[in-house]
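Convention: sequence-line order gives letters A, B, ...; per-chain numbering from 1.
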There are 2 protein chains.
Amino acid sequence: MIRILIADDHHLLLDGLSQALGRIPDFEVAGAAATVEALRTLAPDILPDVLLVDIEMPDGSGLSALRDLGAGHRAVIMTMHADDEHRNRARAVGARAFLSKATPLPDVAATIRAVHAGESLIDADDPDAILDRYREPSLGPDADSLTAREREILALLARGISGTADIADELYISHKTVKNHLASIYEKLRISDRTQAAVEAIRLGLGPS
Amino acid sequence: MIRILIADDHHLLLDGLSQALGRIPDFEVAGAAATVEALRTLAPDILPDVLLVDIEMPDGSGLSALRDLGAGHRAVIMTMHADDEHRNRARAVGARAFLSKATPLPDVAATIRAVHAGESLIDADDPDAILDRYREPSLGPDADSLTAREREILALLARGISGTADIADELYISHKTVKNHLASIYEKLRISDRTQAAVEAIRLGLGPS
DNA sequence: GTCACCATGGGTCGGGCGACCTATTGGCGT
DNA sequence: ACGCCAATAGGTCGCCCGACCCATGGTGAC
């Protein structure tokens with residue numbers, strides 16, 4: 001679970017990005033700041049794993065706040081003005097990555113994972129090559145031991161196909177087999193019934209859409 | 001269900017906002033355009049109920065696209081430069097509302113609902129008064145008949161509290177009462193067990209966070 | 001004041017569900 | 001060739017769940 005603090009004065013982006021990143025199973029948005037002031041206050045308090053900060057904010061620059069926070073942070077800078085001037089200033093305050101606001105969401109997620117893992121993308125020769133290594137759909141840590149069939153059943157639960165017979169019909173297998181798969185799902189996710197399984201399935205991103 | 005088309009060249013905002021609005025039960029993001037070109041192509045195709053468009057895009061102005069699309073659309077303009085100059089130009093192409101990108105998400109949602117209902121906020125005397133009328137937490141149409149207690153139980157289900165006894169303990173009531181509430185939930189939402197109820201609860205926005 | 005509705009609590013009954021166990025088949029790695 | 005594991009299927013058992021009844025008190029509408 002990567003704990004993130006987002007700072008951006010545009011609420012539209014701040015709120016949207018918070019929800020979008022929060023939906024990704026291995027991310028947790030630990031805080032959101034709309035001002036540099038809030039960033040300075042929140043960061044030492046919640047100690048996020050990765051900072052995602054905008055440069056331009058009405059009450060100052062996100063970069064100055066980063067400098068003051070010291071070298072202990074792992075920060076991703078995002079800005080509308082993705083030029084070398086800004087990039088150099090970001091590098092100077094110890095930022096690990098530098099993104100334009102035109103970057104697609106999956107790339108941002110991969111960047112955050114890379115920075116969390118200790119990579120520095122801001123002066124990398126081939127940033128895309130690094131990003132590709134962190135691009136996994138990344139279900140939660142609990143989910144990696146699930147088999148394909150088990151995920152399939154979880155996906156059905158997340159769609160509201162809850163009866164054993166309904167699941168069996170959907171997959172063209174015996175209802176006994178469905179119950180076997182469910183039992184191993186319960187064990188792996190440390191839960192005890194299909195309602196909790198449906199909740200977990202949705203949380204893990206196995207739901208529709 | 002309000003069908004929305006979003007246009008913004010900043011993918012970070014486009015992706016984040018799409019997911020955030022899509023999570024709101026009465027909204028459906030029918031399309032997302034990162035260019036004016038895409039906006040022109042998509043709008044006549046998917047015929048959204050409300051357009052949410054940025055002014056500044058690299059291949060032109062969102063306003064000119066709106067003008068070309070004719071008067072049949074209901075559009076909300078969002079921009080970083082929320083000055084009178086831009087507001088007047090937005091009004092001139094028939095936009096119904098004009099928002100800064102610093103607007104918080106709930107206000108954006110309320111604005112979209114207002115515009116969908118036929119309101120025009122761009123030259124309203126007291127826009128906040130109008131917004132307040134569209135600010136309902138707005139659960140889905142199925143959910144409006146649910147009582148407070150029923151929603152409380154749905155919220156517990158969405159958190160994975162699935163056993164009748166667990167729910168009863170949480171609410172300090174008899175397990176019989178829990179089953180009665182569940183029965184009326186099943187009837188109102190036209191479902192038949194608590195797993196489907198948990199899925200619906202999450203879809204309706206009753207989940208955690 | 002009456003009526004509708006909600007929250008509360010209770011009872012019965014049948015079927016579905018979860019826990020536990022065994023077993024066969026097929027693929028994959030070494 | 002051997003072992004491991006996923007996927008398949010079957011069985012039993014006890015309990016929980018959902019369907020269908022009923023009753024009471026409180027609250028708000030008209």
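Between A:K176 atom NZ and C:dA23 atom P the separation is 16 Å, expressed in whole Å. With rounding to whole Å, B:K179 atom NZ is found 15 Å from C:dG16 atom P. The distance from atom CD1 of B:I161 to atom P of D:dC17 is 13 Å, rounded to the nearest whole Å. Separating the CG atom of A:L146 from the C1' atom of D:dA7 is a distance of 15 Å, rounded to the nearest angstrom. Rounded to whole Å, atom C1' of C:dG18 lies 19 Å from atom CZ of A:R190. Put simply, CD1 on B:I167 is 15 Å from P on C:dA7, counting in whole angstrom units. Protein atom CG of B:L182 is 14 Å distant from nucleotide atom C1' of C:dT8, rounded to whole Å. A straight line from CD1 of B:I191 to P of D:dG18 spans 10 Å, rounded to a whole angstrom.
No hydrogens or angles were tested; on distance alone, a donor-acceptor pair under 3.5 Å links the side chain of A:N180 to the base of D:dA9. Side-chain atoms of B:D193 stay outside donor-acceptor range of the base of C:dG16, with no qualifying N/O pair under 3.5 Å.
Listed candidates were C:dG9, C:dG18, D:dT12. Nearest to the side chain of B:I173 is C:dG9. In the set C:dC6, C:dT12, D:dA7, the nucleotide with an atom closest to the side chain of A:H181 is D:dA7. With C:dC17, C:dG9, C:dA7 as the choices, the nucleotide that has an atom nearest any side-chain atom of A:T164 turns out to be C:dC17. Comparing D:dT8, D:dG18, C:dG10 by their nearest atom to the side chain of B:Y186 picks out D:dG18. The nucleotide whose nearest atom lies closest to any side-chain atom of B:S174 is, among D:dA7, C:dC17, C:dG9, C:dG9.
Other residues, nucleotides and ligands contribute only 12 or fewer heavy atoms inside 6.0 Å of the CD atom of A:E187.
Residue B:T177 has a polar side-chain atom (N or O) positioned under 4.0 Å from OP1 or OP2 of C:dG9. Between A:T147 and D:dA7 there is a side-chain polar atom (N or O) within less than 4.0 angstrom of OP1 or OP2.
Among the protein residues, B:S192 comes within range of the sugar-phosphate backbone only, with heavy atoms under 4.0 Å from sugar or phosphate atoms but none that close to a base.
Between B:R74 and B:D49 there is no salt bridge, since no side-chain nitrogen of the basic residue lies less than 4.0 Å from a carboxylate oxygen of the acidic one.
B:R194 and B:T164 are linked by a side-chain donor-acceptor pair at a separation below 3.5 angstrom, with hydrogens and angles left out of the test. A donor-acceptor pair shorter than 3.5 Å cannot be found between the side chains of A:Y186 and A:Q196.
With DNA chain D read from its 5' end, the first of the two nearest nucleotides for B:T195 and A:H175 is the one closest to A:H175. Between A:R194 and B:Y172, the residue whose closest nucleotide on DNA chain C is further toward the 5' end is B:Y172.
When all heavy atoms are compared, the tightest approach of B:R3 to B:L47 is NH1-O, 3.1 Å.
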